[in-house]
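So that the names make sense, note that chain A is the first sequence line, chain B the second, and so on, each numbered from 1.
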Amino acid sequence: MTDPIDFLLYADAVAKRYPDGDVRALNGVTLGVRPGEYVAITGPSGCGKSTLLNVLGVLDLPDAGEVYFKGEPLSKCRALDTFRARQIGFVFQSFFLMPTLTARENVQVPMFEGPLSGRAERAKKANDLLELVGMGHRAGHRPKQLSVGERQRVALARALANDPPLLLADEPTGNLDSANAAKVLDLFSQLQKARGLALIVVTHSDEVAARADRVIRMRDGQIVADAAPATTTARTISG
Amino acid sequence: MTFVAFIFKNLTQRPIRTALTVLGLSVAVGSMVALMGIAKSFRAAQAASFEERAVDLVTLRGGDAIQLTSEVPEWVVHEVGKWPEVKAIDAALVDMTEMQIREPRNADDVPPSKPVIVQAWLPVNFGFGDMDVLEGRKLEAKDEGKYYTMIGNEFAKSVNKKVGDTVTISQKKFEVVGVFRTSNFTERGGVLTLLKDYQELSGRKGVVTGFSIRVNKTTSDPDAEVEAVRQRIMALTNDKGDSLRLTPQRPDQYLDNASHLKITAAMAWMVSAIAMLIGVISMLNTMAMSVLERTQEIGILRAIGWPRLRVVQMVIGEALLLALVAAVFGGAGAVAATHLMSLFPQVSTLIEPGIAPSVILYGTGFALLIGLLGGAWPAYRASRLLPTEALRHD
């Protein structure tokens, strides 16, 4: 029997139905992600990928089932905001950087809920993270002064602000050209290896999925395949 | 980056809206501060005057709505002045009347006029001893019947008069024999005549509007001595045995009960309440718009782990920062406004330039309250945003 304690993140038969319709966005999804694992979630539009990502990232709560983090059920967690701030990094397709803040300041925004209490500490950490994603030289620039690829790298640095063990990304290369997409994916790979970061990426892109350790294919709110990239189609799960 | 710096930068996102909101709030706060300041300066001027003159009791006729309508028989002043427990007495007929700015050019010409406060004093008033004579001399008993006047230095400046000139008050020409300064700006901004002359001119013979006394304190319980004199004045009757209805009060009590001060304060409060309402609505509108426009941004903050309380702090912080800036500009504007108004002859003698620090502090508190009230609902709305819905918002 599968034990949630074996995984960094474990979703056990989670279901989600939206109140404005009968659509079951998630229908009994069970999924485990180990530390340092790179998981891509793919599938057609409306199959429940983003809903699953939201539930895994505690942005939304499941109607049924349970999500465990390091074996602890998150339904019992009283400070989900703090949990999210410290344990999960988010990267979005549209970057969502604060327009009035510089790259350095944007990276510091999650740190208000993190362990660093000093202004200087936060600034240094932000600089280090920007260096890590190759944006150190652009730390003082505002988002509109950056290219889309640079913005996504700043957003990635922001996601790492509180050193989370898990990174969730929703179409992280959706707005990027292939060169910039490749840079971001390279960064993901580096971070996964260097920091032991677990990555869950929702994507339509075959390139993104090809770099993952596992590719989960969804349809109609269910996982229909869960395998290494090359074998996804071969190990389709029925029902 | 500090959280305050983050809040400040948020306000720079819509600089024109921020500037207009600050401007609107500054006007609201400034008008409140200016009015409260003027009301307070009225009271402070009178309090300072009482203190400087060591006044123990101020007596008016009971039941009069304003000091200007009080009528106390003059004989009472002379009677009380003879009491051994009264050290000194100071009686005045105070009036607000019109002063002609210039002479009529022809028979049909009605020259413009400005309001002026007239203090008509007995020549023995102890108030004469406390004034600085800047030019000319003081009024004396021998001047009675000559319609001489001393003018306050602020009044002299506002109408450009000096010793030897004449001023036309209630259509009567008075010759200026002196220019004086006292701690009371209503005196500095007005004219001083002898009681007999002004009683004659105003048709109020044998009447004063009130009197102040210094009590002769000889025991270890001066309060009891003052109280004894107060009781004695209250017991005064006319020759028919009817009460004179005099209300002697300690200066503090007088200032608390003075109708003209109460009316000024009430007007200031009323304007403050209106300013507060306008300010809160303005702030509410600004912050509600700001939250609506930043729905997605707030959703991101919630998604990356900001708790509801942090979002509330952010929105309230923005509202408070706007209010604080408005308080600075409003306070500075109010001080500037009183200085500016004191340059206009029409009102210069009624307004003392400058605002008491306590009023500025009050104005700051008032502005912060506007920020708090105006920011509360938008902050609540922002904190209730669900990250998933906010992220879908476009």
List the atom pairs, with distances to 0.1 Å, where a side-chain N or O of residues 323-333 of chain B and a protein N or O form a donor-acceptor pair under 3.5 Å, not counting sequence neighbours.
none

Can you list the residues that meet the side-chain hydrogen bond (donor to acceptor under 3.5 Å, both in side chains) rule with B:N285, with sequence neighbours excluded?
->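 Applying side-chain hydrogen bond (donor to acceptor under 3.5 Å, both in side chains) to B:N285 gives none.
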Just jot down the side-chain contact (heavy atoms from CB on, under 4.5 Å) partners of B:V271, sequence neighbours excluded, or say none.
->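 For B:V271, the residues satisfying side-chain contact (heavy atoms from CB on, under 4.5 Å) (neighbours in sequence not counted) are B:L35.
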Toward chain A, the part of B:P307 with a non-hydrogen atom under 4.5 Å =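 Contact with chain A involves both backbone and side-chain atoms of B:P307.
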Contact origin within B:I300 toward chain A - heavy atom pairs under 4.5 Å =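 It is the side chain, since no backbone atom gets that close.
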Could you look at A:F90 and say if it's the side chain, the backbone, both or neither that has a heavy atom under 4.5 Å from chain B?
->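 Contact with chain B: side chain only.
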Is chain B contacted by the side chain of A:F92, its backbone, both, or neither, given a heavy-atom distance below 4.5 Å?
->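 It is the side chain, since no backbone atom gets that close.
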Across chain A and chain B, going purely by atom type as modelled, what donor-acceptor pairs are there at a distance under 3.5 Å?
residue : atom : partner : partner atom : Å
B:M1    : N    : A:Q108  : OE1          : 2.7
B:M1    : O    : A:R122  : NH2          : 3.1
B:K9    : O    : A:T100  : OG1          : 3.3
B:K9    : NZ   : A:E105  : OE1          : 3.1
B:K9    : NZ   : A:E105  : OE2          : 2.7
B:R302  : O    : A:R84   : NE           : 3.4
B:R302  : O    : A:R84   : NH2          : 2.6
B:R302  : NH1  : A:D81   : OD1          : 3.1
B:R302  : NH1  : A:D81   : OD2          : 3.4
B:A303  : O    : A:R84   : NE           : 3.1
B:W306  : NE1  : A:V109  : O            : 3.1
B:R310  : NE   : A:E113  : OE2          : 2.5
B:R310  : NH2  : A:F112  : O            : 3.0
B:R310  : NH2  : A:E113  : OE2          : 3.2

For B:P387 and A:L59, work out which heavy atoms get closest and say how close.
->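 In terms of heavy atoms, the two residues are closest at CB-CD2, 3.9 Å.
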Would you give the length of the straight line joining atom CZ of A:F96 to atom CG of B:L301, rounded to the nearest 0.5 angstrom?
->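 With rounding to 0.5 Å, CZ (A:F96) is 11.5 Å from CG (B:L301).
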More than 12 heavy atoms of other residues, nucleotides or ligands under 6.0 Å from CZ of B:F8: is that the case?
->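 For B:F8, atom CZ is not crowded (no more than 12 foreign heavy atoms under 6.0 Å).
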